[in-house]
Amino acid sequence: MEKVTLTVNGFTQSVLVESHETILDTLRNRLNLTGTKKCCDEGTCGSCTILMDGKPVLGCLTPTLRCVGKEILTIEGISSGESLHLVQKHLVKSLGLQCGFCTPGVVMTAIPFLEENPHASRNEIKESLSGNLCRCTGYKKIIDAVENAAEEMRS
Amino acid sequence: MEYYHSPDSIKDALSMAREFDGNFIYFAGGTDVQIYRKQKLEKNEHIIDLKSIQDLNSISMKDEVLSLGAMTPLDDIIKSKEIQNYFPLLMEAAKSVATPVIRKTATIGGNLLVRNRCTFYNQSQEWRNGVGSCLRDVGDICQVTGGNNDCYSRNVSDTAAALIALNAEITLINSNEMTQKPLKDIYLPCGIKFHDLDNKNILTQIHVPFRPKKWWYKKLRVRKTLDFTSLTIAATVDNDDMARICLNGVSMAPILIEESLDTLTIESLIKQARKNCKTVDNDLMPLKYRREMINVFLEEWWEYEHHK
Ligand SMILES: Cc1cc2nc3c(=O)[nH]c(=O)nc-3n(C[C@H](O)[C@H](O)[C@H](O)COP(=O)(O)OP(=O)(O)OC[C@H]3O[C@@H](n4cnc5c(N)ncnc54)[C@H](O)[C@@H]3O)c2cc1C
Ligand code: SF4
Ligand code: FES
Ligand code: FES
């Protein structure tokens with residue numbers, strides 16, 4: 001085990017981890033941040049997406065030791081208190097979630113994408129979320145929600 | 001036990017490689033290698049992460065030659081204006097790999113050295129225990145052919161097809177020397193040892209010397225995103241009408257057919273491709289369909305090339 005210092009959602013803390021451990025397991029099992037979901041655990045579903053220094057990465061493929069000295073942001077750090085981020089708000093409003101298992105990954109993919117591409121077209125939004133699998137919604141309502149969020153972010 | 005190391009120079013990475021002598025793995029983006037570790041297909045104890053090494057992440061153009069650091073993420077390649085303007089074939093190929101989020105982590109070097117794939121091998125340990133292990137793992141027969149000598153797992157690198165069609169060269173460094181050679185020469189027609197790199201070699205740079213007069217690229221896969229290739233074809237034609245057509249995903253190594261348009265016919269092209277590709281039933285798409293799609297894609301390219 002190695003003792004490392006991680007900064008997650010603005011809080012810096014020391015934690016003991018295995019050297020091969022992924023940040024997904026560290027977040028869920030050691031820091032009790034279970035908002036980030038573990039679904040396929042092999043890079044194919046997008047549900048474990050988190051931000052590392054503002055960039056989306058798959059938690060299930062990222063070694064925890066690679067996260068030392070970086071700012072990690074998870075779904076728990078997105079809303080400010082009771083007030084949801086616009087992407088979250090529109091996912092709720094447009095019924096862009098059912099079981100909600102894919103939702104944290106969708107939010108963590110859509111936010112940096114819209115920040116980088118505020119004028120993204122519907123097709124570009126679709127493409128940006130093409131690594132986020134959802135077995136419930138049929139995708140249309142997720143795309144609607146992200147499009148609506150983009151519109152409100154621009155106004 | 002497993003150990004993670006993050007050297008900040010090539011020299012340190014090579015000295016670790018010497019110290020761990022065969023019991024290590026280089027880790028670039030890790031988007032390929034992590035899955036092999038999880039599926040217990042890669043069991044070396046030491047991970048040498050190349051991420052902190054300076055100078056391996058760069059895109060530059062000098063005297064019309066494009067140079068890419070091996071650790072450059074595919075997403076940076078897609079977004080580079082120089083690559084969009086002068087090497088759109090490379091941009092298309094990079095864009096067809098995996099998903100937008102994975103491409104932010106996945107590197108060009110890792111993509112060129114992505115491990116060969118087979119439906120009977122790239123599975124969980126439980127799956128493999130159930131169906132039976134194969135030659136490439138701990139078994140003694142190939143689950144596809146029943147043979148006990150050859151492995152036909154497929155090279156699936158999309159950017160390798162594009163860069164071979166672009167006549168790219170690569171720079172490799174090992175403990176005592178630096179070598180530059182054509183990318184196409186590193187691949188071997190074997191599903192188990194699919195490239196000739198000594199395991200300590202670090203791929204540092206990729207050089208793309210030429211801008212073709214025309215290019216064409218197409219990838220066959222189940223979904224428009226996420227899936228590995230079932231067939232990738234990249235083709236270029238230079239100012240002297242020399243065509244370079246590279247097929248990947250259908251054999252153990254990328255297959256290059258190089259011939260002048262003056263002599264090439266569509267019939268001979270298809271014949272050469274079908275003869276050289278050792279395509280077996282080890283992909284999600286059925287074998288007959290994949291073989292037929294070789295003809296379909298080549299005919300499409302031919303039509304595009306001869307369309308005035
Ligand atoms: C869901 C999913 C979909 C995917 N789809 C595709 C696809 O469509 N097409 C495709 O080609 N791949 C695909 N991949 C595989 C992988 O993401 C890509 O091939 C990626 O480009 C690999 O790059 P990497 O930097 O992550 O490599 P790594 O996983 O870090 O490395 C790959 C191999 O190369 C070696 N290596 C890497 N860099 C160097 C270097 N500089 N010197 C020496 N050795 C090195 C490593 O030791 C390892 O054996 C997919 C993966 C996932 C999870
Ligand atoms: S082609 Fe045969 S030996 Fe090779 S990985 Fe597939 S089943 Fe195994
Ligand atoms: S759990 Fe990481 S991509 Fe599915
Ligand atoms: S809402 Fe259930 S998986 Fe997307």
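Letters go in sequence order (proteins before strands), and every chain restarts at 1.
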Requested in this report: Would you check if B/Thr105 and A/Leu58 make a side-chain contact, meaning some heavy-atom pair closer than 4.5 Å?
Outcome: no
Query raised in the report: Should we say atom NZ of A/Lys37 is surrounded by more than 12 heavy atoms from elsewhere, each under 6.0 Å from it?
Result: yes
Requested in this report: Below 4.5 Å from any heavy atom of chain B, which atoms of A/Leu129 appear? Answer side chain, backbone, both or neither.
Outcome: neither
Report task. Determine whether more than 12 heavy atoms belonging to other residues, nucleotides or ligands lie under 6.0 Å from atom CD of A/Glu151. Result -> no
Report summary line: Highest number of heavy-atom pairs under 4.5 Å with chain A among B/Gly30, B/Ser6, B/Ala28, B/Ser52 belongs to B/Ala28
Query raised in the report: For A/Thr62, is it the side chain, the backbone, both or neither that has a heavy atom under 4.5 Å from a heavy atom of chain B?
Result: backbone
Query raised in the report: So do the side chains of B/Glu2 and A/Glu21 get within less than 4.5 Å of each other, counting heavy atoms only?
Result: no
Query raised in the report: Under a 4.0 Å N-O cut-off, is there an ion pair linking B/Arg103 with A/Glu127?
Result: yes
Query - Exceeds 12 heavy-atom contacts within 6.0 angstrom, atom CD of B/Glu300 - result: yes
Query raised in the report: A/Phe113 versus B/Pro100: any side-chain heavy-atom pair under 4.5 Å?
Result: no
Report task. Please test A/Leu65 against B/Ile47 for side chain to side chain contact (heavy atoms under 4.5 Å, CB included), starting from the C-alpha separation and ending with a verdict. Result -> CA-CA 11 Å; A/Leu65 295 181; B/Ile47 292 176; over 6 Å; no
Report task. Taking atom OH of B/Tyr86 as the centre, report whether more than 12 heavy atoms of other residues, nucleotides or ligands fall under 6.0 Å from it. Result -> no
Query raised in the report: What part of B/Ile102 is in contact with chain A, defined as an atom under 4.5 angstrom from a non-hydrogen atom: side chain, backbone, both or neither?
Result: side chain
Query - Interchain contact, B/Arg37 with chain A, by part (heavy-atom threshold 4.5 Å) - result: neither
**Report entry** A/Ser128 portion near chain B, given a 4.5 angstrom heavy-atom threshold
**Finding:** backbone
Requested in this report: Kindly indicate, with the supporting measurements, whether the criterion side chain to side chain contact (heavy atoms under 4.5 Å, CB included) is fulfilled by B/Ile35 and A/Leu61.
Outcome: CA-CA 8 Å; B/Ile35 306 191; A/Leu61 300 186; 4.0 Å; yes
Requested in this report: Could you tell me the separation between the OG atom of A/Ser19 and the NE2 atom of B/His46, rounded to the nearest 0.5 Å?
Outcome: 9.5 Å
Requested in this report: Could you tell me whether a side-chain N or O of A/Lys55 sits under 3.5 Å from a main-chain N or O of B/Lys104, the two making a donor and an acceptor?
Outcome: yes
**Report entry** Most contacts with chain B, counted as non-hydrogen pairs under 4.5 angstrom, among A/Ser130, A/Pro112, A/Gly43, A/Gly131
**Finding:** A/Ser130
Requested in this report: For residues B/Tyr4 and A/Arg66, determine if any side-chain heavy atom of one lies less than 4.5 Å from a side-chain heavy atom of the other.
Outcome: yes
Query raised in the report: So what's closer than 4.5 Å to chain B heavy atoms on A/Asp41: side chain, backbone, both or neither?
Result: both
Query raised in the report: Is the number of heavy atoms from other residues, nucleotides or ligands within 6.0 Å of CG (A/Asn117) greater than 12?
Result: yes
Query - Heavy-atom neighbours of A/Arg135 CZ exceed 12 at 6.0 Å - result: no
Report task. Using side-chain hydrogen bond (donor to acceptor under 3.5 Å, both in side chains) as the criterion, point out the one residue from B/Gln39, B/Gln34, B/Lys38 that pairs with A/Glu42. Result -> B/Gln39
